[in-house]
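Working notes, beginning with the structure itself.
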Amino acid sequence: MAANKRIMKELAEINNNPLQGCTIKLAKEDDLNNWDVTMDGPPESPYAGGKFNIQIVLPKEYPFKPPVLTFKTKIYHPNVTNDDKGAMCLGMLRADEWKPPNKIVDVLKLVRAVLAAPQPDDAVEAGIANEFKTDRKAFDKTAQDWVKKYAK
Amino acid sequence: MASQHQQAHHFNPQWYFYQPPGQVYHDPVYAPVDYRVQQVAPQQQTPTHQHQAFVTAAGFTALRPQQQRLPVRTRQQTRHARATMASEGQQHAGPSEDEMAEMQKLSNEYEPEVKGPLVGQRQSTNNLTTEYASADPVYQAKTTNLPQKYSHYRTVRGDGSCGWRAIAFGYFETLINLGDGNKFLEEEARLRSLMNTCTAAGYDPSLLEDFAEETYTLLRKVANGMQDGTAENALHETFNDDYVQNFIITHIRTLTAAWMKTHSQDYIPWVVGGSSIDQYCEQSVTPVSSELEHLSLNALKDVLLSPAGITLEVLYLDRSHGKEVNMHRFSPVNHGGYDIGYIRLLYRPLVMNDSFLSRSADISNRGHYDILYMPSDLPPVPVPAAVPTYLQYASQPYHEPVYDLGLPDFMTTIPGMSYANPHQAWVGSSYADSDFFGSSAPVQQCPQPIPAPAVPAPQPQMQAAPVYVPAATAHLVPPPTQMPEELVIRTVPQANVSSHQGFAPQSTGPFRPSTWQLEADMSQHTPLQTAIFRK
């Protein structure tokens with residue numbers, strides 16, 4: 001169907017023109033709707049040196065519904081839920097803000113930007129957001145510890 | 001834009017009082033539900049029971065205290081309810097605070113259910129009149145007068161994209177009605193060239209092609225369908241394929257955004273709240289379920305309709321004064337002034353009501369679009385071969401009045417045939433009136449049935465008579481000269497409406513089906529009467 005065409009197009013584009021710090025492959029070869037992404041922690045952020053496994057599920061209505069993004073690697077970040085889901089729901093990823101012309105590569109760029117600069121005002125983890133705002137040092141330390149623990 | 005108009009939301013019975021049933025959510029499905037509830041109401045005597053009955057029987061539509069609801073019914077029914085209550089010594093008061101709180105809670109939790117086809121079939125606007133029959137008088141008057149000018153309408157699913165979908169559908173439909181195959185090629189070329197505008201606005205053309213391709217495909221499909229008469233079906237089918245219509249809507253959303261971005265000086269004065277055009281487009285044009293607002297409607301008209309020579313008319317059905325819907329015309333005169341057809345939309349703003357207010361900041365922009373048709377907008381239907389059929393007068397809700405209008409007599413021999421005459425002239429002048437009022441079979445005037453020759457043994461019921469009498473009249477009066485008289489006749493029903501404020505059901509004949517009693521105003525219009533007298 002047309003959705004597959006769109007996804008294949010995006011996949012081909014991203015393979016020809018890889019996003020820096022990201023490797024992307026299909027979780028299963030015959031399933032275009034499940035993407036496996038490994039993202040390096042942006043340099044000069046507490047996440048530097050970490051490798052984060054992110055799963056992207058494209059709903060069957062894609063591109064009319066936003067992709068669903070989950071961190072398979074635990075991460076200490078105000079915008080990622082601190083549970084086994086590791087869900088991220090931010091900006092363009094919200095269903096009512098999603099625009100069909102957005103591409104997955106745009107989503108990944110957003111994720112990288114949010115890793116580099118967390119958005120505590122849009123947080124899902126209020127506690128972490130608060131720490132990020134009030135005690136940046138402690139936040140950085142915990143984030144780095146988690147990287148060592150989970151994201152190597 | 002929205003924040004300026006943001007309203008505080010409290011449960012206020014006053015809002016409900018002014019709310020027509022069809023307005024709660026613009027789905028005709030709810031009208032009968034609402035109606036049923038009202039029928040139930042007089043038997044439910046204690047306030048608690050009433051409340052429960054409303055909630056369970058009609059869900060959100062019923063979250064109104066009965067006392068506020070009753071005045072929108074017939075006076076007779078109101079009197080009945082009050083009398084019953086008084087006789088049983090019930091306190092004539094609204095619901096208690098607890099109940100109000102409960103209703104508020106329920107209304108807050110209400111999620112509108114999106115129902116119905118993405119684009120419905122064309123149907124008579126008399127159905128709208130019926131839908132609003134129990135609404136307050138302003139809506140009653142406006143919807144009663146609506147069918148005089150606008151004979152048909154088409155529902156569009158209210159899922160946030162209704163305005164976009166209605167215009168996209170209307171765009172294709174207008175091209176079909178124009179009937180010029182070259183116009184489709186012309187439009188495809190024009191839309192393709194707009195891809196440059198999109199690129200200039202910063203959209204990735206390689207992705208947009210996917211969306212646009214569906215539009216081009218449909219243009220070609222419909223153009224091919226013109227030859228064998230399947231164009232309209234193909235269009236209707238395509239727009240009811242959720243996936244494909246999403247592509248087309250995304251395409252026109254993006255075109256609109258690109259147009260606004262590249263012509264920002266034309267639109268920036270209308271963006272409120274200090275947003276830029278880019279921000280406006282990101283928030284209110286391209287997201288998947290952002291509704292068509294006044295500004296985006298203007299831009300969409302500028303990019304899609306005006307260059308194609310299509311005039312857009314929006315008819316506002318609201319509580320403003322007057323007996324007719326207010327029309328706003330977006331004419332393409334600035335684009336060379338040529339005109340290939342009309343798209344008419346019926347816009348129903350969402351009134352202050354329970355459900356949306358609490359969940360939507362941009363309540364002021366919420367509303368619903370359906371597509372309206374004047375008789376002149378209807379495609380000429382190819383004349384089908386005459387098949388002898390028994391007329392089923394008893395089960396027809398109303399009769400198509402082709403018989404009244406000066407048709408050649410072979411046409412009149414085809415029972416149940418509708419708007420079959422390819423001559424636009426007479427259709428435009430008088431079809432709507434007769435469509436609406438022709439239903440009210442003036443039985444008394446026509447005691448002698450005159451059977452048409454090709455109809456095998458029409459059932460000898462008196463209703464058969466009025467259908468054929470005017471056909472005979474028509475031979476005497478050729479269509480063009482009939483137009484002025486028809487225009488005069490048109491004023492008669494209006495006068496009747498205003499002179500019968502009470503809407504008391506009147507029985508005009510022994511054979512009237514009981515459902516007609518509810519539409520008392522319809523029973524008084526007898527356009528055939530004049531024709532007969534003239535004869």
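Bear in mind the structure is a predicted one, so any value in this text is a computation, not a measurement. Just so it is clear: chains get the letters A, B, ... in the order the sequence lines come, proteins before strands, and each one is counted from 1.
- More than 12 heavy atoms of other residues, nucleotides or ligands lie within 6.0 Å of NZ in A:Lys74, so this atom counts as buried by the packing criterion.
- Taking all atoms of both residues into account, the shortest heavy-atom contact from B:Pro287 to A:Asp96 is CB-O, 3.5 Å.
- Residue B:Phe211 holds its CZ atom at 4.5 Å from CZ of A:Arg6, rounded to the nearest 0.5 Å.
- Here NZ of A:Lys5 is found 6.5 Å from CD of B:Glu213. Values are rounded to the nearest 0.5 Å.
- The contact between B:Asn246 and chain A is made by backbone and side chain atoms together, counting heavy-atom distances below 4.5 Å.
- Using a distance-only test at 3.5 Å, with no hydrogens or angles considered, a donor-acceptor pair links the side chain of A:Lys9 to the main chain of B:Ser206.
- Rounded to the nearest 0.5 angstrom, A:Glu61 CD and B:Asp242 CG are separated by 8.0 Å.
- Both the backbone and the side chain of B:Thr286 have a heavy atom closer than 4.5 Å to some heavy atom of chain A.
- In this structure, the separation between CZ on A:Phe64 and CZ on B:Phe247 is 4.5 Å, given to the nearest 0.5 Å.
- Interface residue B:Glu282: backbone and side-chain heavy atoms are both found under 4.5 Å from chain A.
- More than 12 heavy atoms of other residues, nucleotides or ligands lie within 6.0 Å of CD in B:Gln265, so this atom counts as buried by the packing criterion.
- A distance of 6.0 Å separates CG in B:Asp204 from CD in A:Glu13, rounded to the nearest 0.5 Å.
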